[in-house]
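Below is one structure, written out as structure tokens; the observations come after it.
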Amino acid sequence: MCRRFIRRANRAVLRAIETPPDSGVEDRLDEVAARLWYLAEAHPEPPDPGQVSRLRATLTDLEERVADHRAARLADARHCLAAYGRHLDPV
């Protein structure tokens, strides 16, 4: 399966990290970005629905804790993961 949606989600999180001002969640955003990169580039198996769901939930939580301009980038990432999730087989 093409992991382009995960790559797009990763880029959106990276854009959120680069968007000032700092909000105190940058370390958590770094962790999410690293996890997305791993799933898109290095993980040997396609991510399962549970992994995708947990990342979406994390992004939702982070969206609520940052300013609107940064939240919009995280929403983009969450939507990319939702698009990827629609292509997965249910567990």
Side-chain angles (χ1 to χ4, degrees):
M1 158 163 276
C2 179
R3 298 183 194 197
R4 65 188 161 105
F5 291 115
I6 297 174
R7 288 183 190 99
R8 288 180 186 169
N10 184 41
R11 284 193 297 272
V13 172
L14 291 174
R15 285 192 302 274
I17 292 169
E18 296 168 351
T19 303
D22 287 351
S23 61
V25 297
E26 286 71 28
D27 288 343
R28 187 68 179 123
L29 291 174
D30 283 339
E31 292 170 7
V32 171
R35 183 71 183 153
L36 288 168
W37 177 88
Y38 176 74
L39 292 175
E41 304 298 335
H43 194 266
E45 300 290 325
D48 65 61
Q51 290 173 312
V52 174
S53 178
R54 286 187 298 278
L55 281 166
R56 287 177 56 203
T58 298
L59 288 169
T60 298
D61 177 59
L62 291 169
E63 277 180 66
E64 296 170 359
R65 298 170 53 191
V66 298
D68 289 345
H69 57 282
R70 189 174 272 186
R73 306 260 189 219
L74 297 179
D76 291 343
R78 189 173 41 79
H79 294 303
C80 289
L81 289 180
Y84 180 82
R86 286 192 290 272
H87 293 88
L88 295 175
D89 294 329
V91 177

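Side chains included, hydrogens not; waters and symmetry mates left out as well; all remaining heavy atoms used.
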Whether R7 and E41 form a salt bridge (side-chain N of Lys/Arg under 4.0 Å from carboxylate O of Asp/Glu) is what I want to check.
yes
Can you tell me if R78 uses its side chain to pair, donor with acceptor, with the backbone of R56 under 3.5 Å?
no
Rounded distance (nearest 0.5 Å) linking atom CZ of R73 with atom CG of D68:
13.0 Å
Identify the heavy atoms of N10 and A33 that sit nearest to each other, and give their distance.
OD1-O, 3.0 Å
Please list, chain by chain and in numerical order, all residues satisfying ring-ring contact (aromatic ring centres under 6.0 Å, His included) with H43, sequence neighbours excluded.
Y38
Between atom OH of Y84 and atom CG of L55, what is the distance when rounded to the nearest 0.5 Å?
11.5 Å
Side chain Q51, main chain D48, donor-acceptor under 3.5 Å:
yes
Atom pair CD1/CZ of I17 and R28 - distance to nearest 0.5 Å
11.5 Å
Just verifying a value: how many Å separate R65 CZ and R70 CZ, rounded to the nearest 0.5 Å?
11.5 Å
Any salt bridge between E18 and R15, counting N to O under 4.0 Å?
no
Exercise: identify the closest heavy-atom pair between E63 and A71
O-CB, 3.6 Å
In Å, rounded to the nearest 0.5 Å, how long is the span from CG of L29 to CG of L36?
10.5 Å
When rounded to the nearest 0.5 angstrom, what distance separates CG in D30 from CG in L14?
8.5 Å
